[in-house]
Enquirer: 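Before I ask anything, here is the structure I am working with.
Order of listing sets the numbers, starting from 1, for every ligand and every atom in it.
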Amino acid sequence: MKLFADGGTLITVFFREGITPMANAKIVTFANQKGGVGKSTSVVNIAASLGVLGRRVLVVDVDPQGNTTSGFGISKKTSAGTIYDVLIGRTDAADAIQTTEFENISVLPANISLAGAEFELVMADNRESRLKNALEPVMPDYDYILIDCPPSLGILTINALVAADGLVVPMQCEYYSLEGLSQLMLSVKQIKKRYNPKLQLAGILITMYNGRLNLSTQVMDELKKYYAGKIFNTAISRNVKLSEAPSFGQPVWYYDRFSKGAALYHEVAKELMQKI
Ligand code: ADP
Ligand code: MG
């Protein structure tokens, strides 16, 4: 038999060998250079919902603070290796990834050692593409890879944007948020041009929203003017369960499934699946 005479035969061979050609994961980066805007909370809880909805999810923590790592109850003192070891080329991503007790969720953890990477990567080859290259071999194993960023536009966030298909910007409805957003979008434009033409703004996610504040509604109106169609329909309001869940090392879906926070992030996860 002429094995690879045409595409049809190639596909037949794949199936016969039990190897089905698999789609690669979509990579979604959560970034905002401002701290405390709900990046980690959003990554942890959207990932949990995507997992519950049957999607295979890898969460990559690229923040030395490791809030997302501990948000899934993973110890920051892991011996298996962290994203730092992966970025400096000491460990393969597959060896540092940990499975969790949560449905369909694996995590590539971070801890404070990552703080040194910013400095070490300055001299390294392919310093902007290290994360993208490291994730490539594990992409067929997941439907979504969600990346949490530190609160800066340094080399770690750049790596996360170079790897991404889509960017989600969690932000609070405050006056200065708009300025920060324009600055972030300028960086995105440059990264798109130089390194990653497929990078798209998937959406702006309003967090800790209080619709009773005049300022919030004003900022929201302003946002809609410039980013129409890019704002998630679901805004995340303040919910105490969302702030309690991390101290139990659980996404809110597992901490209190019937809370407002769980319902809101579940809706956002569904919207994200539509967008990407
Ligand atoms: P970032 O990752 O952008 O620094 P976090 O996700 O860590 O932000 O959120 C900052 C703080 O706000 C955390 O203490 C978190 O628990 C809390 N928080 C985030 N979103 C909400 C919310 N919707 N309701 C209440 N607390 C929230
Ligand atoms: Mg964070």
Enquirer: Quick one, Ile158 and Ile191 - any side-chain contact, counting heavy atoms below 4.5 Å?
Expert: yes
Enquirer: Of the protein's non-hydrogen atoms, which lies at the shortest distance from atom 10 (C) of ligand 1, and what is that distance?
Expert: Gly36 CA, 3.7 Å
Enquirer: Would you say Val37 touches ligand 1, if touching means a heavy atom closer than 4.0 Å?
Expert: yes
Enquirer: What do we get for Ser237 next to ligand 1 when only non-hydrogen atoms under 4.0 Å count, side chain, backbone, both or neither?
Expert: backbone
Enquirer: Can you report which non-hydrogen protein atom sits closest to atom 19 (C) of ligand 1, along with the distance?
Expert: Thr41 OG1, 3.3 Å
Enquirer: For the hydrophobic clusters of this structure (ILVMFWY residues joined by side-chain heavy atoms under 4.5 Å, transitively), does one cluster hold both Leu264 and Met208?
Expert: no
Enquirer: To check you understand the geometry: which heavy-atom pair defines the closest contact between Ser187 and Leu153, and what is its length?
Expert: OG-CD1, 3.5 Å
Enquirer: Near the Mg ion (ligand 2), is there an N/O/S atom from Asn67 that is less than 2.8 Å away?
Expert: no
Enquirer: For the residue pair Phe102 and Phe72, categorise the inter-ring angle as parallel (less than 30°), tilted (30 to 60°) or perpendicular (more than 60°).
Expert: tilted
Enquirer: Tell me the protein heavy atom at minimum distance from atom 24 (N) of ligand 1, and give that distance in Å.
Expert: Asn239 N, 2.9 Å
Enquirer: Quick one: closest heavy-atom pair of Leu199 and Gly166, and the distance?
Expert: CD1-C, 4.4 Å
Enquirer: For atom 16 (O) of ligand 1, find the nearest protein heavy atom and state the residue, atom name and distance (0.1 Å precision).
Expert: Ser243 CA, 3.4 Å
Enquirer: List the steps, then state whether side-chain hydrogen bond (donor to acceptor under 3.5 Å, both in side chains) holds for Asp85 with Thr91.
Expert: CA-CA 5 Å; Asp85 303 287; Thr91 304; 4.6 Å; no
Enquirer: Would you say Ile276 ends up clustered with Ile147 if hydrophobic residues are merged whenever their side chains have heavy atoms under 4.5 Å apart, either directly or through other cluster members?
Expert: no
Enquirer: What protein heavy atom lies closest to atom 21 (C) of ligand 1? Include the residue and the distance to one decimal.
Expert: Met208 CG, 3.6 Å
Enquirer: Quick one: look up the protein heavy atom nearest atom 8 (O) of ligand 1 and list residue, atom name and how far away it is.
Expert: Gly38 N, 3.0 Å
